Amino acid sequence: MNETIKTLLSRRSTRVYKHDQIKDEELNTILKAGMFAPSAMNQQSWYFTVIQNKELLNKINEVCKSIFLKSGNRTFEERAKSKSFNVFYNAPTLIIVSGYEKAIAPQIDCAVALENMFLAAESMNIASCWIHAITSFSDTEEGSALLKELNIPEGYSVVGSGAFGYKASGTDNIAPRRENVLNIIK
Ligand SMILES: Cc1cc2nc3c(=O)[nH]c(=O)nc-3n(C[C@H](O)[C@H](O)[C@H](O)COP(=O)(O)O)c2cc1C
């Protein structure tokens with residue numbers, strides 16, 4: 001099995017991280033991988049916001065907490081009530097990917113960019129996890145204010161975000177894969 005396939009099969013959504021920050025060279029490689037994803041008509045409709053500032057990460061976590069508490073979803077509410085709640089599992093780096101609303105396929109462009117970044121991270125032994133909650137920020141006043149503070153350009157909406165950090169050992173569970181999801185027609 002070649003290294004690319006090994007990386008692809010070994011990537012897991014990680015929910016426990018070491019506190020150490022990833023190196024700038026690693027961050028730059030991850031971002032470059034995101035920017036080299038395919039995009040509809042090569043529009044590259046993404047915008048990447050990297051947050052490594054602890055205070056800001058805490059602020060984002062607090063907004064996620066209040067969104068979860070008001071969500072009407074019992075699982076989310078219970079999670080948010082926990083004292084140790086941290087929506088990005090205390091990962092030291094968060095990359096928010098926003099898409100240009102008028103592009104052909106911003107959601108898909110941004111999703112493939114995120115996956116490219118997850119795979120690049122995995123290849124450097126850096127763990128990652130997609131974090132969805134930030135997509136609801138624009139629905140709330142405090143979330144919208146925070147998005148403004150992050151300087152996401154006008155006309156862009158958050159599609160998703162990724163938590164990144166060094167792996168804490170022995171923490172990944174392999175999520176089982178569904179069968180009967182393919183049909184090969186020759
Ligand atoms: C669109 C999308 C949203 C996701 N949102 C979250 C999330 O908010 N929090 C989380 O812990 N994992 C999230 N995940 C990760 C999935 O739970 C994970 O990919 C799935 O369970 C399979 O596990 P694996 O990534 O380890 O293969 C998300 C994944 C996708 C593609």
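For reference, positions follow the sequence shown, starting with 1. Not measured: the values here are computed from a predicted model. We use all heavy atoms of the structure for the numbers below, so side chains are in, but hydrogens, waters and symmetry mates are not. Start at 1 and go down the list; that is how both ligands and their atoms are numbered.
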One finds that the ligand 1 atoms under 4.0 Å from a non-hydrogen atom of R11 are 24 (P), 25 (O), 27 (O)

Taking only non-hydrogen atoms of Y89 and a 4.0 Å limit, the atoms of ligand 1 in range are 9 (N), 10 (C), 11 (O)

Residue, atom and distance of the protein heavy atom nearest atom 31 (C) of ligand 1 read W130 CE3, 3.9 Å

Q. Is the CD atom of Q107 crowded by more than 12 outside heavy atoms at less than 6.0 Å?
A. no

If we number the atoms of ligand 1 from 1 as shown, the ones under 4.0 Å from a heavy atom of A175 are 22 (C), 23 (O)

Numbered in order shown, the ligand 1 atoms found under 4.0 Å of a heavy atom of R12 are 24 (P), 26 (O), 27 (O)

Does the protein place any heavy atom closer than 4.0 Å to atom 16 (C) of ligand 1? yes

Name the atoms and distances for all side-chain donor-acceptor pairs under 3.5 Å in residues 26-35, with sequence neighbours left out.
from	atom 1	to	atom 2	distance (Å)
E26	OE1	K23	N	2.9
E26	OE1	Y166	OH	2.6
N28	ND2	D24	O	3.2
T29	OG1	E25	O	2.8

side-chain hydrogen bond (donor to acceptor under 3.5 Å, both in side chains) test vs E122 passes for just one of R11, K6, K167, namely K167

Verify the neighbour count for atom CZ of F137: are there more than 12 heavy atoms of other residues, nucleotides or ligands below 6.0 Å?
-> yes

Atom 18 (C) of ligand 1 sits nearest the protein heavy atom S13 OG, 3.3 Å

Have E3 and S123 got a donor and an acceptor in their side chains that come within less than 3.5 Å?
no

To the nearest 0.5 Å, atom CD of E154 lies from atom OH of Y156 at 11.5 Å

Q107 to ligand 1, any heavy atom closer than 4.0 Å: no

Within 4.0 Å of some non-hydrogen atom of H132, the atoms of ligand 1 are 5 (N), 7 (C), 8 (O)

### Query
Do other residues, nucleotides or ligands put more than 12 heavy atoms under 6.0 Å from L146 CG?
yes

Atom 12 (N) of ligand 1 sits nearest the protein heavy atom R15 NH2, 3.1 Å

Requested in this report: Start with the C-alpha gap between F118 and F164, add the side-chain angles, then the distance that decides, and say whether ring-ring contact (aromatic ring centres under 6.0 Å, His included) holds.
Outcome: CA-CA 8 Å; F118 294 149; F164 295 86; 5.7 Å; yes

Quick note on ligand 1: atoms under 4.0 Å from a heavy atom of C129 include exactly 10 (C), 11 (O), 12 (N)

